[in-house]
Asker: 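Have a look at the structure that comes next, please.
Quick note: residue numbers are just sequence positions, from 1. One-based numbering, in listed order, for ligands and for the atoms of each.
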Amino acid sequence: MNPSSPQAGGRCPVDHSAMTGQIAPNGCPVSAGAAAFDPFEDAYMQSPSDYVRWAREQEPVFWSPQLGYWVVTRYEDVKAVFRDNLLFSPSVALEKITPATPEVMQVLQGYGFAMNRTMVNEDEPDHMARRRLLMDAFLPARLATFEPMVRSLARQYMDRFIDNGRADLVAEMFYEIPLNVALKFLGVPDDGAEQLREFAVAHTLNTWGRPTAQEQIQIAHDVGRFWETAQEILDNMRAQPDGEGWMYETIRQHLEHPDVVPESYMRSMMMAILAAAHETTSNATANAFHTLLSHRSAWEALCENPALIPNAVEECLRVGGSIIAWRRLATDDAVVGGVAIPKGSRILLLQASANFDPSHFENPEEVDVYRESAVEHMSFGYGAHQCMGKNIARMQMRVFIEEFTRRLPHLKLVPEQSFSYLSNTSFRGPSALFAEWDPARNPERLNPKLREAPGGFYVGPPPKDAITRTVVVREKHAEGDGLCRIVVADAQGAALPAWTAGAHLDLIAGGFRRKYSVCGLATDRSSLQVVVQREADGRGGSRHFCDTLAVGDLLQLAGPKNMFKLDESAERFILVAGGIGITPIMAMADRLKSLGKSYSIHYAGRSREQMAMLSRLERDHASALHLYLKSQGQRLSLTDALGEVDARTRVYACGPDRLIDELERLSEGWPAGVLHFEHFHAESQVLDPSREHAFVVHLKDSDMDVEVPADRTLLQALQSVGVDVPCDCGEGLCGTCEVAVLEGEVDHRDKVLTRAERATNARMLACCSRAAGGRLVVAL
Ligand code: HEM
Ligand code: FES
């Protein structure tokens, strides 16, 4: 590294041992991988995440001399850049990535081409004022009216080829329907729709491609004609002041607020949105079918359980999003992923790579339609500019997958076809996708009613409740008094998801849904096991699982998911368990033993008969185990068990409230991050509007105010304005809905944060906690 280069903390995070002699704008040498990066190579389009795997692993932020951009490949870095749209301006999002030759400039000028700011490349404060004015049509409640149209189109198009046994799904369906839907949404008449495909390709190549000088001339003519067409459409629409559709709303807002929606915006936006509203969805749909049909078990899971489709769409957008890279400009000297990036630098955010980052998505290479974090993909961008049309795209993709899995479950990809993509940095989707099936096996030949559509999907992010898989009870064992160990396996014998110590899962059967910590062997992918404590006076769930559920019964399973992760970097571990709280603690002990770490287990219970997994603990962890049996007058003294706690120690505890409360009290002088705990139950929280007050939450990243009335949770209020916040338990137990708080005092009602964490007011759980005062500012 050049000693004068302005690296954060004075240390370059990248190993520069194999360098090319080229120097990046921050003074660092350019590595061979960085020098070779060329997004116009076919390998980039064939699999963008594979193409930059080396970077994700070794040099996550690098300078590309061929492109003249800084390239960002890891999830947290991509999100951080999206999040800060002042330091990282979106103004270059629609800039020509290949500079125009003088001849091209001449052609474009001939058409009066003057693409201006739209929405996606507008800076603040203008952008947010405009986005707010034009947002209404995109809200979930209004979009729901589009679903019947999407469904009816999907059925009509399928009817045309369903008896043929073979189709190019792109040409025969996935291109045209999103185009029709986009035109309808925008209010644009559909005459001349065929020309739009040519225009959209030209716009993509002109903006994100690297055409030869000769190709650029033809492209420039098409772009020029697109520009003229956008004006014609706009003029015709202006003549009908009462027309319906988003562009009509935009025209009306322009007349009322010309300062916020200026004339210069109208034509550019018309051109940009015509391409953005359909190409993106067509490509994403084709990618999704490619993904699902090449992962048969995922496809079959959807055929069997259509409720999984909304989440499968998110997983498909993660694995095969249609926008794979997006751009920003550093407005000042900045640091991204520890790498100094000088003011004025152009940045390419590789969303397709972020979506495969193992530090964010466990087993990212697996196509897992049960993945609860799938919705966190970066394919729609993030923050103030996050895609406004995401729910239109999701709705269409859900309907297409639902229609195909119901009407053609035996659909297959035509084998050995190769896929070709338009060469550019950002828009990805195959030009054709051939699928085949045996019409004699079409289920509706036997049952014509199958052609009819079932009920619609909810508009918005996927509801977590639906993400469940069918498992079978393989074993059931009594584990002491009132305790029962249940071992489940996939109903079809498939491998179950990998999990880590501290993970929990939800068992769903008999109308009950309950969370239990996973406690088998983490290396065993063929089964998962939990221990259930039978609560005679409980709400019935544990009695159902202990008394009624039998070996061979089917039930639903959600997860596993880990909100109680082990920080393996620490040196010394004190594990504390009360009663049934031993289950995650034992998985932690197993892991720590395998890592060769120093740990002790302090396990308190009423009597041996009422404590779980004792023989296993005594067999595998005898030297670390300390038991405290109330029946023998032994009491757990936390002060003695903890001893000296310093920053290298981690205390993990799971047990009843009084145990956790005492630990919290003892932890008051400890360094931050030492204590981690999990309550094993919480009182169910019911919102009582007569005892609540309304408040306003300002979303800093999206620059938006959201009102939270007394009868709604913050989470519900966020979801109703189209902000996706993941939610799992909905009762302050799991930590999934955590939101970073920047200003304001929180009325914490969760069971996740420690007392010290609450006191900082830096985080809150949106499903249950509220503002103590009238306003909060959060990082969303
Ligand atoms: C912005 C992706 C569908 C309208 C964006 C951005 C991305 C994106 C990456 C930029 C985000 C950022 O800078 O943070 C996608 C994908 C789609 C899709 C992958 C389909 C799967 C649509 C549809 C519409 C639409 C169907 C309209 C009907 C917009 C608009 C913006 C936008 C208006 C600009 C928002 C702003 O800057 O405030 N989209 N999009 N998109 N998208 Fe989409
Ligand atoms: Fe579980 Fe909010 S969703 S804590």
Side-chain angles (χ1 to χ4, degrees), residues 78-79 81-83 85 88-90 93-94 117-124 127-128 130-132 134-135 137-138 143 146 178-179 181-186 245-247 250 269 272-288 313-314 316-317 320-328 349 351-352 377-397 426-429 464 515 561 563 682 685 701-704 713-715 725-739 749-753 764-769:
V78 167
K79 187 167 176 178
V81 175
F82 270 130
R83 171 178 279 141
N85 62 325
F88 302 108
S89 155
L94 301 182
R117 291 302 163 85
T118 63
M119 181 91 78
V120 79
N121 58 350
E122 181 64 283
D123 280 316
E124 303 306 343
H127 160 260
M128 201 34 86
R130 195 173 293 163
R131 181 167 164 126
R132 278 199 207 104
L134 301 176
M135 189 64 181
F138 289 99
L143 292 180
F146 276 83
L179 176 59
V181 175
L183 294 179
K184 182 83 183 155
F185 172 78
L186 299 174
W246 188 67
M247 276 315 288
T250 304
M269 189 64 204
I273 194 82
L274 279 172
H278 77 97
E279 281 279 311
T280 48
T281 312
S282 298
N283 283 337
T285 306
N287 291 341
V313 164
E314 304 306 317
C316 289
L317 284 164
S322 51
I323 295 210
I324 54 175
W326 210 242
R327 288 178 284 168
R328 291 291 190 256
L349 302 172
Q351 293 136 286
H377 64 74
M378 281 288 127
S379 298
F380 290 132
Y382 176 79
H385 287 267
Q386 197 195 39
C387 178
M388 285 164 78
K390 64 187 177 188
N391 287 323
I392 307 182
R394 284 170 166 159
M395 175 208 294
Q396 294 182 68
M397 294 171 72
S426 298
F427 282 60
R428 179 176 181 274
K464 291 269 179 212
K515 290 186 188 309
K561 186 168 177 183
M563 309 303 296
Q685 315 240 2
D701 297 344
S702 318
D703 193 11
M704 192 170 154
T713 63
L714 169 59
L715 185 76
V725 177
C727 158
D728 181 8
C729 68
E731 52 180 331
L733 264 183
C734 71
T736 311
C737 64
E738 182 177 304
V739 171
R749 301 178 184 185
D750 63 276
K751 293 273 182 190
V752 177
L753 302 180
M764 72 185 287
L765 282 309
C767 67
C768 58
S769 299

Asker: Does the Glu122 side chain pair with the main chain of Arg117, one donor and one acceptor, at a distance under 3.5 Å?
Answerer: no

Asker: Below 4.0 Å from any atom of ligand 1, is there a heavy atom belonging to His127?
Answerer: yes

Asker: Test your reading of the model: is there a side-chain donor-acceptor pair from Asn287 to the backbone of Arg428, 3.5 Å cut-off?
Answerer: yes

Asker: List ligand 1 atoms under 4.0 Å from Ser379, heavy atoms only on the residue side.
Answerer: 2 (C), 9 (C), 19 (C)

Asker: My understanding is that we take every heavy atom of each candidate and find the minimum distance to atom 22 (C) of ligand 1. Doing that for Ala275, Cys387, Ala272, which one comes out nearest?
Answerer: Cys387

Asker: Within the 4.0 Å heavy-atom shell around Gln351, which atoms of ligand 1 are there?
Answerer: 9 (C)

Asker: Answer yes or no: is there a donor N or O on one side and an acceptor on the other, between the side chain of Arg394 and the main chain of Val313, under 3.5 Å?
Answerer: no

Asker: Which of the numbered atoms in ligand 1 are under 4.0 angstrom from any heavy atom belonging to Phe82?
Answerer: 12 (C), 13 (O), 14 (O)

Asker: Quick one: does Glu124's side chain have a donor or acceptor within less than 3.5 Å of a partner on Asn85's backbone?
Answerer: no

Asker: For this output row, return yes or no: ring centroids of Phe138 and Phe185 closer than 6.0 angstrom.
Answerer: yes

Asker: What atoms of ligand 1 come closer than 4.0 angstrom to any heavy atom of Ala284?
Answerer: 21 (C)

Asker: Find out whether Met563 and Glu738 are in side-chain contact, i.e. whether some heavy atom of one side chain is under 4.5 Å from a heavy atom of the other.
Answerer: no

Asker: Give a yes or no on whether the backbone of Leu317 and the side-chain of Ser379 come within a donor-acceptor separation of less than 3.5 Å.
Answerer: yes

Asker: Find all atoms of ligand 2 within a distance of less than 4.0 Å from any non-hydrogen atom belonging to Gly732, and give their numbers and elements.
Answerer: 4 (S)

Asker: Strictly under 4.0 Å, does any heavy atom of Ala276 approach an atom of ligand 1?
Answerer: yes

Asker: Could you report the tightest heavy-atom contact between Gln351 and Trp326, atom names first, then the distance?
Answerer: OE1-N, 3.2 Å

Asker: Give me the atom names and distance for the closest heavy-atom approach of Ser769 to Leu714.
Answerer: O-CB, 4.4 Å

Asker: Under 4.0 Å from a heavy atom of Gly381: give me the atoms of ligand 1 that qualify, with their elements.
Answerer: 9 (C), 11 (C), 14 (O)

Asker: Test your reading of the model: is there a side-chain donor-acceptor pair from Glu279 to the backbone of Asn283, 3.5 Å cut-off?
Answerer: no

Asker: Among Phe380, Phe427, Phe185, Tyr382, whose heavy atom sits nearest atom 7 (C) of ligand 1?
Answerer: Phe380

Asker: Could you check whether any heavy atom of Ala93 sits closer than 4.0 Å to an atom of ligand 1, since that is the contact criterion I want to use?
Answerer: no

Asker: Give me the nearest non-hydrogen protein atom to atom 4 (C) of ligand 1 as residue plus atom name, then the distance to 0.1 Å.
Answerer: Gly389 N, 3.7 Å

Asker: Taking 4.0 angstrom as the limit and counting only heavy atoms of Cys767, give me the atoms of ligand 2 inside it, by number and element.
Answerer: 2 (Fe), 3 (S), 4 (S)

Asker: Could you go step by step and tell me if Ile392 and Phe146 meet the side-chain contact (heavy atoms from CB on, under 4.5 Å) rule?
Answerer: CA-CA 8 Å; Ile392 307 182; Phe146 276 83; over 6 Å; no

Asker: Using a 4.0 Å cut-off to any heavy atom of Arg131, which atoms of ligand 1 qualify?
Answerer: 35 (C), 36 (C), 38 (O)

Asker: Which of the numbered atoms in ligand 1 are under 4.0 angstrom from any heavy atom belonging to Trp326?
Answerer: 10 (C), 13 (O)

Asker: Does Ile392 approach ligand 1 within less than 4.0 angstrom via side chain, backbone, both or neither, non-hydrogen atoms only?
Answerer: side chain

Asker: Can you tell me the protein heavy atom closest to atom 3 (C) of ligand 1 and the distance?
Answerer: Thr280 OG1, 3.2 Å

Asker: Does the Trp246 side chain pair with the main chain of Leu134, one donor and one acceptor, at a distance under 3.5 Å?
Answerer: yes

Asker: Just which atoms of ligand 1 are under 4.0 Å from any heavy atom in Met119?
Answerer: 34 (C), 35 (C), 36 (C), 37 (O), 38 (O)

Asker: Under 4.0 angstrom from ligand 1, any heavy atom of Gly321?
Answerer: no

Asker: Which residue supplies the protein heavy atom nearest to atom 11 (C) of ligand 1, what is that atom called, and how far is it?
Answerer: His385 O, 3.1 Å

Asker: Strictly distance-based, threshold 3.5 Å: is any side-chain N or O of Ser426 a donor or acceptor partner for the main-chain N or O of Ala325?
Answerer: yes

Asker: Could you tell me if any non-hydrogen atom of Arg328 lies under 4.0 Å from any atom of ligand 1?
Answerer: yes

Asker: Note the single closest protein heavy atom to atom 19 (C) of ligand 1, along with its residue, its atom name and the distance in Å.
Answerer: Ser322 OG, 3.4 Å

Asker: Return the residue, atom name and 0.1 Å-rounded distance of the protein heavy atom closest to atom 31 (C) of ligand 1.
Answerer: Met388 N, 4.0 Å

Asker: Nearest protein heavy-atom contact for atom 27 (C) of ligand 1: which residue, which atom, what distance?
Answerer: Ala277 CB, 3.7 Å

Asker: Applying a strict 4.0 Å limit to heavy atoms, is Gly383 in contact with ligand 1?
Answerer: no

